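Sharing a structure, written as structure tokens. Questions coming.
So you know, we letter chains A, B, ... as the sequences are listed, proteins then strands, and number each from 1. Nothing here was measured: the structure is a model prediction, and the numbers come from that model.
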Amino acid sequence: MREVECAVAASEEGLVGRLKAGSFEAYEEVVGLYEKKIFNLAYRMVGNYEDANDLTQEVFVRLYHSIQSFRGDARFSTWLYRIANNVCVDELRRRYRRKVEYLDEPIGTKDGSVRREIADWAGNPENVLETHELQACVQAGINSLPEEQRTAVILRDIQGFSYEEIAKILNCSLGTVKSRINRGRQSLKERLAGQRELFDTDERQ
Amino acid sequence: MMECKVAQELLNAYIDGELAEAERDQLDDHLRSCPQCADELAELQAVIALCRNLPEVEPPAFFREQLYRRLTTELEQERKSLWQSVLTWARRRTYRSVTAALASVLILIFSVNGIVALQYNNPLFSLAGRGQPESEADEVGGGAPADAAKSGVLTFSGEKTPNDAAALTADQIETDQTSNADVDGGAGDMSITEFNRAPAVQPEDAATAQSDNLPVTEVPPEGRSSLGMLKAAAPTVTRGTRMAHQVRLVLAVDDLEASHNRVREITEANTGTVANITYRYGEGHQEEGRQISLQVPETLFAPVLMELEGLGLVTSKEMSEVNVTVQAMAVENRLSNINRQAETLTDLRNNSQDELRVVQIDNELNFIENEVSILQITADSLSNAQIELVLVLNTE
């Protein structure tokens with residue numbers, strides 16, 4: 001993971017240059033590198049496969065339109081994640097205004113192929129249902145966090161960023177990152193404490 | 001001795017390895033002697049483990065196709081709305097006095113249009129700068145999936161995990177059983193399966209594109225990796241200058257509705273499309289005029305214009321031609337390059353014994369097909385003449 005990121009950092013400058021020059025090849029490369037990561041970030045943020053797809057599309061469209069404004073103050077990946085975070089947070093705020101409740105919605109409802117794509121949950125086959133329930137609980141827990149804590153926890157615990165990287169992505173101080181992670185994990189813990197059984201199942205594995 | 005309150009604030013940073021050494025040592029000491037804080041630590045670690053164990057989800061197979069289509073459509077609309085806004089501005093002025101203003105407006109439109117067109121075309125055309133088919137053939141031939149990931153072309157397939165490949169194979173078996181596919185076809189069957197895997201977006205996208213009056217290259221399942229289909233989509237390369245007409249015609253007519261219907265008929269009879277209609281009302285909500293934007297194939301421009309002019313009294317006519325040779329040639333060159341590339345890949349695919357590689361090549365061919373259809377849209381829009389027709393009531 002780290003090695004890959006170093007390699008990415010090294011070639012980043014050239015990539016950005018080509019991107020700014022309008023190279024579609026470079027754009028494809030970026031999509032190839034980040035599509036899955038951004039998709040997963042969005043998916044965990046909104047907890048819904050179809051919305052995650054729309055949001056990830058939106059991120060890459062915004063990338064296309066705003067690459068000229070990238071000045072290289074931050075790393076390209078940081079900048080891209082910042083776009084992703086903004087897109088997701090916008091969506092969450094929009095939803096809050098419309099008071100739409102998505103949390104328990106089954107994933108990928110309309111489309112057969114979407115369902116098939118995500119049916120491939122990792123984990124042990126005999127226990128698919130149990131694992132799935134547990135994951136749904138964790139996801140619901142994450143979705144119950146206020147957006148700022150949610151982002152911090154996802155970036156740290158799911159995407160594996162360091163505090164410093166998170167601070168850059170969210171454009172805030174290290175102290176803020178720390179306190180968001182503290183509060184986020186604490187409320188997640190409290191929420192999941194009610195699901196003690198599931199908790200234990202996981203620890204046994 | 002550290003207090004529990006302080007210790008608990010530091011636990012998360014401790015877990016994440018974000019504490020300074022001194023703090024970490026102090027906290028270590030505290031944890032050894034305080035069971036409550038040690039419990040708290042264990043619980044937090046369990047929560048984190050739960051998050052880390054959440055599986056990664058795969059984006060849908062059609063993700064990129066959808067993205068590239070959306071980008072193309074958006075850029076196309078951007079171009080149209082620019083055109084539209086300039087015209088709206090021009091329309092506010094009185095029709096008679098507009099001639100001089102229009103001359104400068106038209107120059108502006110075309111330069112703006114040109115810039116947008118370049119921006120729009122740029123990413124597509126720079127694809128031509130990719131590796132030659134031969135070198136890609138080498139990479140495909142000698143490359144493991146890891147190698148494939150390096151070549152821009154195969155990023156798609158290189159990313160596929162063994163899981164995906166397994167799922168695909170499973171799908172394939174199922175399809176083969178139900179569809180009684182041609183056994184001799186061998187590798188050929190795989191492509192049908194690949195098509196079946198992600199068909200959902202196809203009709204929807206086609207609808208979007210059509211509502212935008214842009215034709216879409218339909219690819220039937222059988223044609224998935226058949227070179228014939230790709231070739232059929234590519235126009236023949238023509239030499240010479242390519243011009244696209246743009247005209248603004250103001251007609252005084254006796255009956256707006258009847259004339260409008262005729263315009264629609266003429267456009268449809270000439271395989272053109274009506275892109276936009278704007279109604280203009282005067283004081284007292286009396287309809288005064290209509291502005292109709294249409295596109296017709298460049299080859300039918302002259303007869304269409306003549307027919308349109310016959311509908312009423314021509315009060316103003318601004319005509320111009322835009323040289324689209326460079327854009328058209330770039331699209332055509334890219335189409336012929338990409339067809340060569342598809343040919344090489346198809347050969348490789350037919351000679352390959354390795355199933356995984358066949359899947360990779362199919363992915364690539366799939367991608368090429370998408371690009372062909374995008375290029376086709378571009379080519380079509382370049383070969384259309386744009387007509388802005390303003391119908392006004394004849395008040396004479």
Side-chain angles (χ1 to χ4, degrees), chain A residues 21-29 31-33 35-36 39-40 43-44 49 52-53 56-57 60-61 64-65 110-114 116-118 120-123 134-135 137-139 141-142 153-154 156-158 160 162-164 174 178 181-182 185-186 188-189 192-193 198-199 202-203 205, chain B residues 8-13 15-18 40 42-44 46-64 66-68 70-71 74-75 118-119 121-127 129-130 149 152-153 155-156 158-159 163-164 167 171 196-201 367 371:
Chain A
S23 155
F24 186 70
E25 195 192 21
Y27 184 74
E28 271 184 303
E29 209 174 314
V31 175
L33 281 169
E35 165 190 24
K36 197 169 163 184
F39 191 93
N40 275 275
Y43 178 65
R44 294 305 168 193
Y49 194 83
N53 187 43
T56 313
Q57 299 263 342
F60 285 108
V61 170
Y64 186 91
H65 289 306
K110 281 186 208 156
D111 192 312
S113 75
V114 168
R116 188 167 28 179
E117 289 293 321
I118 54 153
D120 185 28
W121 294 98
L134 172 64
Q135 286 161 356
C137 275
V138 178
Q139 180 69 56
I142 291 173
V153 168
I154 291 172
R156 173 65 215 158
D157 291 336
I158 296 176
S162 71
Y163 285 19
E164 201 186 333
L174 264 180
K178 272 186 198 172
I181 288 178
N182 271 345
R185 281 181 183 162
Q186 198 62 35
L188 197 54
K189 192 187 74 162
L192 292 175
L198 296 165
F199 235 114
D202 186 68
E203 279 176 337
Q205 280 173 2
Chain B
Q8 294 195 354
E9 297 239 314
L10 295 176
L11 283 176
N12 283 300
I15 296 169
D16 295 325
E18 301 266 353
E40 177 74 19
E43 280 177 22
L44 280 174
V47 171
I48 295 164
L50 284 174
C51 292
R52 289 204 181 132
N53 285 342
L54 286 174
E56 267 199 312
V57 290
E58 287 292 333
F62 51 74
F63 180 83
R64 290 179 200 199
Q66 208 181 358
L67 173 65
Y68 299 149
R70 189 176 148 189
L71 267 180
E74 256 182 40
L75 292 164
L118 274 180
Q119 252 179 0
N121 291 322
N122 199 6
L124 291 172
F125 299 155
S126 50
L127 271 168
R130 276 189 188 171
V153 174
T155 339
F156 224 170
E159 272 192 342
N163 255 356
D164 279 323
D171 270 1
N196 287 339
R197 259 189 116 212
V201 77
F367 185 67
E371 201 196 327

| message | If you define the side chain from C-beta out and look only at heavy atoms, does anything of A:Phe60 sit under 4.5 Å from B:Arg70? | response | no

| message | Heavy-atom cut-off 4.5 Å, strictly under: side chain, backbone, both or neither for A:Ile142 against chain B? | response | side chain

| query | Where does A:Val138 contact chain B at under 4.5 Å (heavy atoms): side chain, backbone, both or neither? | reply | side chain

| message | Regarding B:Arg64 and A:Glu28, does a basic nitrogen lie under 4.0 Å from an acidic carboxylate oxygen? | response | no

| Can you tell if the side chain of B:Asp16 reaches within under 4.5 Å of the side chain of A:Ile181, non-hydrogen atoms only? | yes

| Check: A:Phe39 ring centre within less than 6.0 Å of A:Tyr49 ring centre | yes

| said: Can you tell me which of A:Arg156, A:Gln186, A:Lys178 forms the most heavy-atom pairs within a distance under 4.5 Å of chain B? | reply: A:Arg156

| Contact origin within B:Arg52 toward chain A - heavy atom pairs under 4.5 Å | both

